[in-house]
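It should be emphasised that the depicted structure is a prediction, and the values quoted were computed from it without experimental measurement.
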Amino acid sequence: QAFIEQEEAMAKLRASIDKDGNWINPDDDVDPDKLITDEDVKKYEDDDDSSDEPTSGGAKECGKCGYTMFIAPGREGKFFSSSFTCPQCGAGRDQFKDVDIEV
C-alpha cells in the first residue's frame with residue numbers, strides 16, 4: 001500500500017513540473033512536449049551512473065565545440081535536463097561528457 005501511495009505522489013509531482021524544472025499551473029495549457037513522461041523517467045534512471053567511481057564534480061564538456069559547464073551537485077535536473085542544448089553551438093545533451101577539472 002505504501003508503495004502505491006509513493007507512486008501516486010511521484011506521478012502528481014511529475015505532472016506539476018515540466019522538463020525544464022518549471023512549475024506547471026494546472027489552469028494553463030501546457031505544450032505536451034514539455035511534460036515529463038514515464039519514458040523520460042526511465043531514460044533518467046538509465047542515465048544514472050551509480051558506480052563508486054568519482055565523477056568530475058559536475059563539469060561537463062561539449063564534444064562538438066569544447067564548451068565546459070559546471071553543474072552544482074543536485075542541480076543536474078534543473079540545468080542539464082533532457083532538452084538541454086549547448087549555449088555555444090546548439091549540440092544536444094548527448095554530446096556532453098564528464099570531464100576532470102583540476103582546481
Side-chain angles (χ1 to χ4, degrees):
Q1 181 67 19
F3 178 76
I4 293 171
E5 290 173 4
Q6 182 180 8
E7 286 295 311
E8 290 171 353
M10 291 301 294
K12 273 185 168 178
L13 181 61
R14 281 196 302 270
S16 65
I17 301 172
D18 70 15
K19 290 181 181 180
D20 296 324
N22 300 312
W23 288 105
I24 297 173
N25 182 341
D27 298 329
D28 291 345
D29 289 331
V30 179
D31 179 356
D33 292 334
K34 293 283 190 177
L35 297 175
I36 299 172
T37 64
D38 289 337
E39 184 178 304
D40 294 322
V41 173
K42 173 86 171 115
K43 182 179 178 185
Y44 180 78
E45 289 170 352
D46 290 344
D47 288 347
D48 183 26
D49 184 5
S50 57
S51 70
D52 292 333
E53 195 174 308
T55 63
S56 61
K60 304 253 186 213
E61 183 177 85
C62 178
K64 188 173 177 186
C65 72
Y67 177 84
T68 303
M69 61 184 294
F70 300 90
I71 306 169
R75 303 295 289 172
E76 294 88 352
K78 172 85 173 152
F79 295 103
F80 201 62
S81 68
S82 60
S83 62
F84 175 83
T85 57
C86 178
Q88 187 164 309
C89 72
R93 175 184 177 194
D94 61 328
Q95 295 295 312
F96 279 76
K97 305 297 178 207
D98 288 334
V99 292
D100 292 320
I101 302 293
E102 292 186 31
V103 185

Of all the heavy-atom pairs spanning [X] and [Y], show the shortest one and how long it is.
{"X": "A91", "Y": "F96", "answer": "O-CE1, 4.4 Å"}
{"X": "C89", "Y": "K64", "answer": "SG-CD, 3.9 Å"}
{"X": "R93", "Y": "S81", "answer": "CD-O, 3.4 Å"}

Atom CG of D28: over 12 foreign heavy atoms under 6.0 Å:
yes
Out of curiosity, does V30 fall in the hydrophobic cluster containing I36 (side-chain heavy atoms, cut-off under 4.5 Å, transitive links)?
no
Between [X] and [Y], is any pair of side-chain heavy atoms under 4.5 Å apart?
{"X": "Y67", "Y": "P87", "answer": "yes"}
{"X": "D18", "Y": "D31", "answer": "no"}
{"X": "F84", "Y": "K60", "answer": "no"}

Donor-acceptor pair, side chain of T85 and main chain of S83, under 3.5 angstrom:
no
Could you tell me the separation between the CG atom of L35 and the OG atom of S16, rounded to the nearest 0.5 Å?
11.0 Å
To the nearest 0.5 Å, what is the distance between CD (Q88) and SG (C62)?
8.0 Å
Positive for side chain to side chain contact (heavy atoms under 4.5 Å, CB included) with D27, one of D29, I24, N25
N25
